[in-house]
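The basis for the numbers below is simple: all heavy atoms, side chains too, and nothing from hydrogens, waters or symmetry mates. In what follows, chains are A, B, ... by sequence order, proteins preceding strands, each numbered from 1.
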There are 2 protein chains.
Amino acid sequence: MKPVTQDRPYSQTLSRLREAGLRPTRQRLALGRLLFDGGDRHVTAEALHEEAQAAGVSVSLATVYNTLHQFTEAHLLREVVVDSARTYFDTNVSDHHHFFLENAGSLMDIDGGKIAITGLPQAPEGTDVARVDVIVRLHGTPRPAE
Amino acid sequence: MKPVTQDRPYSQTLSRLREAGLRPTRQRLALGRLLFDGGDRHVTAEALHEEAQAAGVSVSLATVYNTLHQFTEAHLLREVVVDSARTYFDTNVSDHHHFFLENAGSLMDIDGGKIAITGLPQAPEGTDVARVDVIVRLHGTPRPAE
DNA sequence: TCTCATATTTAGAATTATTCTAAGGTGTTG
DNA sequence: CAACACCTTAGAATAATTCTAAATATGAGA
């Protein structure tokens, strides 16, 4: 039986895993490929799990969760908190922000270089700024380009 | 046994409820008082429930959830999404943003008038900006003023 | 290549915040 | 004070996520 997965290069997933000290297992390679081939993506665990199934890769949901967290620790992914019902993981780990389409539950990146925030008060003594998130919440559904 | 709750005025809770078209029930008055007496607050359902118990007010957790949502619909509260594990409700409904102390799980307001965001791209066609949230995530524990 | 220690995966149970349900209680209005 | 719509509630249900413990795969070394 032929392998179901495509055989184009593993989008550096293999070397990324090595650098992160994660063994390149079948599951991690497959998920890494789904995540990192193609452009920036925002996925939930459930969605990635389904996508893997659809691609013929057998991975348990628990492994999807494990992998997403390990990738996040390794800075291959970033967690985005926009919705208290589900957690999104973003393949874009550079400095940026988000549009959140509340109807669709989907995210779009806003380049961090484009926006500036002024007037932020100092962080309270004893604390450090770990990150600044800007979330632009949108209503309505974007008209797809015809 | 004396009532445990204070008997100072209901902080306009009663009139606020009336305006919102919500019947002023014992539970809503008690929760409203806890929420709106005193300054701006950030509460979770569980925390408010415990606080009510501690104040000698018997309210079920389901009612706390119902009430928080009804108050939110009535714009007496605002929901703040900072942590995918729990939902916070903010008694400050004016335009503002937040520091989020990740260690403590606590929120502090940042006056909306003080900060400015420039360079935000236009919202995609067919969508409207419902709200812009800025969350400054902090690490470390603030040194309490001695 | 074979073996072994260790890392990884997994099914399913467990957990946690939140919502739902349906039954009984309460506020309001006439 | 009757009647009905609105509220509250206990407990069951849901849904996302985490945990557990057992099975499996991987990489290093002989």
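- Nearest to the side chain of A:Thr87, among C:dT8, D:dT17, D:dA10, sits D:dT17.
- If you look at A:Tyr65 and A:His49, their ring centroids are not closer than 6.0 Å.
- At a threshold of 4.0 Å, the pair A:Glu79-A:Arg131 does not count as salt-bridged, since none of the basic side-chain nitrogens sits closer than that to a carboxylate oxygen.
- If you check the side chains of A:Asp111 and A:His96, you find no donor sitting under 3.5 Å from an acceptor.
- The side chain of B:Tyr65 contributes an N or O atom lying less than 4.0 Å from OP1 or OP2 of C:dT18.
- Between A:Arg86 and D:dA15 there is no side-chain N or O to OP1 or OP2 distance below 4.0 Å.
- Nearer the 5' end of DNA chain C, as judged by each residue's closest nucleotide, is the contact made by A:Gly21, out of A:Gly21 and A:Leu61.
- Atom CG of A:Asn66 and atom C1' of D:dT24 are 15 Å apart (whole Å).
- The distance between atom CD of B:Glu46 and atom P of C:dA17, rounded to the nearest whole Å, is 6 Å.
- Remark: A:Thr63 is not in phosphate contact with C:dT9, judged by side-chain N or O atoms under 4.0 Å from OP1 or OP2.
- In this structure, the CG atom of B:Leu68 is 13 Å from the P atom of D:dT9, given to the nearest Å.
- Rounded to whole angstrom, the span from the CG atom of A:Leu29 across to the C1' atom of D:dG27 amounts to 14 Å.
- Distance, B:Arg26 CZ to C:dT28 P: 14 Å, rounded to whole Å.
- A donor and an acceptor atom, one from each side chain of B:Asn92 and B:His42, are nowhere located under 3.5 Å apart.
- Contact annotation: B:Gln70 side-chain N/O to D:dC6 OP1/OP2 distance is not under 4.0 Å.
- Each of B:Ala62 and B:Arg18 was matched to the nucleotide of DNA chain C holding its nearest heavy atom; the match closer to the 5' end belongs to B:Ala62.
- In this structure, B:Arg28 atom CZ and C:dG27 atom C1' are separated by 10 Å, rounded to whole Å.
- A:Arg23 contributes no side-chain N or O that forms a donor-acceptor pair with the base of C:dT8 under 3.5 Å.
- Between B:Leu22 and B:Ser84, the residue whose closest nucleotide on DNA chain D is further toward the 5' end is B:Leu22.
- Using a 4.0 Å heavy-atom cutoff across all strands shown, A:Ser58 reaches sugar-phosphate atoms only and no base atom.
- For the 3.5 Å distance criterion, the side chains of A:Asp109 and A:His98 qualify, holding a donor opposite an acceptor.
- Judged by the 6.0 Å and 45° rule, A:Arg78 forms no cation-pi pair with A:Phe89.
- Distance B:Leu17 CG to C:dT26 P: 18 Å, rounded to the nearest Å.
- Among the protein residues, A:Thr44 comes within range of no part of the nucleic acid, since none of its heavy atoms lies under 4.0 Å from any strand.
- Considering only side-chain N and O atoms, B:Gln27 lies under 4.0 angstrom from the phosphate OP1 or OP2 of D:dT9.
- Residue A:Thr25 places no side-chain N or O under 4.0 Å from the OP1 or OP2 atom of C:dA7.
- B:His69 has no side-chain polar atom (N or O) that falls below the 4.0 Å cut-off from OP1 or OP2 of C:dT18.
- Atom OH in A:Tyr88 sits roughly 11 Å away from atom P in D:dA16 (whole-Å rounding).
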